[in-house]
Amino acid sequence: MKFYQLTRAQRLAALVNAGQLSDADAAFLAADTPLPAAVAASLTENQLGQFALPLGIARDLRVNGVTYQVPMVTEEPSVIAAASNGARLAALNGGVQATTTPHLVEGEIVFEHVADPVAAAKLVRARTAELMAVAAAAHPSIVRRGGGLQAVRVSTPGRFFKVTLVVAPQAAMGANIVNTIAEAVAATLTVWLAQPALVAILTNASAQLTTATVVLDPATLGTKTTDGSAIAARIAALSELATCDVARAVTHNKGIMNGIDAAILASGNDTRAVEAGVQAFAAASGQYQPLAQWHLTATGTLVGELKLPLQVGVVGGAISALPAAQVAQRLGGYKDVVTLQQVVAALGLVQNLAALRALVGPGIQAGHMTLQARALAIAVGAQGDEINRVAAGLATVPKDRAHAQAVLAALRKDETT
Ligand code: MEV
């Protein structure tokens with residue numbers, strides 16, 4: 001049986017047997033363990049309750065020769081199905097290759113009333129070593145871990161005078177580290193420039209980029225009705241459309257973020273930071289662009305490349321406070337920031353591949369309808385192989401609860417007569 005056809009208990013057991021999930025983590029997931037009350041109360045103001053979402057995995061995503069099980073939290077039924085399908089197609093072609101530039105996060109300290117920006121820039125450059133010392137004193141533990149303030153830059157956006165701090169946050173996402181350093185450095189600059197800073201905070205724009213690439217043999221892309229090379233050519237055309245049609249680029253990127261947001265949320269990271277950085281990057285040229293692009297090579301292979309910033313960490317903040325995020329990090333094998341970034345980028349790329357292949361082939365509604373039928377079957381109490389049989393029985397009748405109940409009842413009656 002395929003992984004999705006197993007019961008939840010069987011899936012957990014399969015992951016434990018494969019050495020991909022510990023017994024303790026399987027028990028944690030099986031028990032639908034809620035957040036400890038104290039954690040829930042401390043993570044939000046005015047807490048009233050908890051809000052549950054399903055956690056699943058995209059199976060067997062191959063990235064740089066290693067196979068990952070990618071935990072995802074999402075309420076959209078087709079997302080994990082598409083990701084797993086995309087991962088399967090990529091694996092048939094040797095998997096995804098991914099690279100990242102060094103994990104650096106920037107902070108900006110901006111002043112409004114600098115009469116002589118050239119002199120101020122000179123001052124900051126001449127006394128950068130002092131700012132480095134202030135930063136180190138503000139956050140000594142990040143220096144002990146080999147990170148901290150790496151560089152100081154000066155610029156003048158519009159009428160403002162800006163000092164940019166380039167910080168290495170090591171295993172952390174960096175928001176707290178950068179903000180602590182930025183406020184300390186801002187206090188020193190306030191004295192030097194004889195005025196308060198207008199703002200001292202990290203930017204969620206990121207110069208650090210992760211790139212995921214896959215090279216596909218079109219023969220692996222065929223569907224029941226369409227030949228693989230036709231699918232490959234149409235995927236390349238649909239990708240090209242997204243480069244010149246913003247309406248399409250937005251939806252193209254929404255599909256990519258279906259996977260990325262779900263994996264980021266499961267990992268305990270800040271989805272809004274990632275979204276803000278990614279969308280700014282997509283619009284950086286002045287024309288909103290697709291994050292992943294596909295083209296046919298001279299030899300007929302289909303090459304896909306996704307490039308984006310991913311401001312994430314593997315320690316700190318909610319990541320450490322949320323027990324489910326800890327489980328997800330172990331299951332995902334996110335041993336460091338680079339691994340998380342590369343796996344997430346690869347996921348976005350295969351998510352896009354699955355979406356485009358469906359769009360240029362049978363369309364996405366066929367798949368969505370099957371998933372909806374299975375969800376209905378489960379909702380009316382179908383179990384085990386009944387789920388697919390009830391779903392099949394809903395193919396030719398309206399997909400609603402009443403019909404699902406009737407199909408299930410008929411099936412069970414057949415079994416007992
Ligand atoms: C649906 O959630 C995502 C898609 O619309 C993405 C796309 O159109 O590329 C299928």
Side-chain angles (χ1 to χ4, degrees), residues 8-9 11-12 21-58 70-77 79-80 105 107 138-139 141-142 169-183 199-206 254 257-280 309-332 334 337 340-341 343-344 347 375 378-379:
R8 180 157 78 117
R11 285 186 211 123
L12 289 168
L21 187 69
S22 70
D23 285 319
D25 286 349
F28 175 91
L29 293 171
D32 291 327
T33 314
L35 269 182
V39 174
S42 69
L43 284 179
T44 194
E45 188 82 18
N46 294 348
Q47 191 229 344
L48 296 178
Q50 298 195 17
F51 186 107
L53 283 172
L55 180 148
I57 49 167
V70 189
M72 299 168 74
V73 171
T74 177
E75 87 301 343
E76 189 175 335
V79 168
I80 289 185
V105 176
H139 209 307
S141 67
I142 192 63
Q170 307 302 79
M173 177 270 203
N176 282 332
I177 295 168
V178 173
N179 292 341
T180 300
I181 292 174
E183 288 190 3
V199 71
I201 191 149
L202 95 159
T203 170
N204 291 116
S206 178
K254 188 274 184 185
M257 299 315 287
N258 273 345
I260 289 183
D261 279 344
I264 295 291
L265 185 57
S267 76
N269 273 282
D270 180 340
T271 50
R272 292 86 56 212
V274 169
E275 273 288 354
V278 166
Q279 300 307 336
L310 287 167
Q311 215 174 50
V312 294
V314 291
V315 298
I319 302 167
S320 307
L322 295 171
Q326 297 283 309
V327 172
Q329 295 233 1
R330 288 191 284 274
L331 177 55
Y334 305 146
V337 172
L340 174 60
Q341 288 169 328
V343 169
V344 167
L347 179 73
I378 293 165

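Remember, it's a predicted structure, so these values are computed and weren't measured experimentally. By convention here, the first residue in the shown sequence is residue 1.
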In Å and rounded to the nearest 0.5 Å, what is the NZ to CG distance from Lys254 to Asp261? 9.5 Å

Ile57/Leu331 under side chain to side chain contact (heavy atoms under 4.5 Å, CB included): CA gap, chis, key distance, verdict: CA-CA 9 Å; Ile57 49 167; Leu331 177 55; 3.7 Å; yes

Looking only at non-hydrogen atoms, find the nearest pair between Ala58 and Met72 and report the distance. CB-SD, 3.7 Å

When rounded to the nearest 0.5 angstrom, what distance separates CD1 in Ile319 from OH in Tyr334? 11.5 Å

Quickly, which of Val73, Asp270, Thr271, Leu347 forms a side-chain contact (heavy atoms from CB on, under 4.5 Å) with Ile264? Name it, please. Thr271

Heavy-atom pair with the smallest gap, counting every atom of Ala328 and Pro71: O-CG, 3.2 Å

Can you sort out the partners of Glu275 under salt bridge (Lys or Arg N to Asp or Glu O under 4.0 Å), two or more places apart, ordered by chain and number? none

Under the side chain to side chain contact (heavy atoms under 4.5 Å, CB included) criterion, do Leu310 and Leu340 qualify, and how do the steps go? CA-CA 9 Å; Leu310 287 167; Leu340 174 60; over 6 Å; no

Name every donor-acceptor pair, under 3.5 Å, that has one atom in a side chain of residues 169-182 and the other anywhere in the protein, sequence neighbours excluded.
residue, atom, partner, partner atom, Å
Gln170, NE2, Arg145, O, 2.8
Asn179, OD1, Leu202, N, 2.8
Asn179, ND2, Ala175, O, 3.1
Thr180, OG1, Asn176, O, 2.8

Decide side chain to side chain contact (heavy atoms under 4.5 Å, CB included) for Ile260 and Val278; before the verdict, give the C-alpha distance in whole Å, the side-chain angles of both, and the deciding distance to 0.1 Å. CA-CA 10 Å; Ile260 289 183; Val278 166; 5.8 Å; no

Nearest heavy-atom approach of Gln47 to Gly49 is NE2-O, 3.0 Å

Is a donor on one side and an acceptor on the other found under 3.5 Å between the side chain of Gln311 and the backbone of Gly277? no

Beyond-backbone contact of Val105 with Ser206, side-chain heavy atoms, under 4.5 angstrom: no

4.5 Å side-chain heavy-atom contact, Leu21 and Leu12: yes

Got a list of side-chain donor-acceptor pairs under 3.5 Å for residues 36-46, not counting sequence neighbours?
residue, atom, partner, partner atom, Å
Ser42, OG, Ala38, O, 3.3
Ser42, OG, Val39, O, 2.9

Where Phe28 and Val327 come nearest, the two heavy atoms and their spacing: CD2-CG2, 3.7 Å

Spacing of CG belonging to Asn269 relative to CD belonging to Gln329, to within rounding of 0.5 Å: 7.0 Å

Begin from the C-alpha positions of Val312 and Val274 and carry the test side chain to side chain contact (heavy atoms under 4.5 Å, CB included) through to its verdict. CA-CA 7 Å; Val312 294; Val274 169; 3.8 Å; yes

Return the CG to CD distance between Leu53 and Glu76, rounded to the nearest 0.5 Å. 12.5 Å

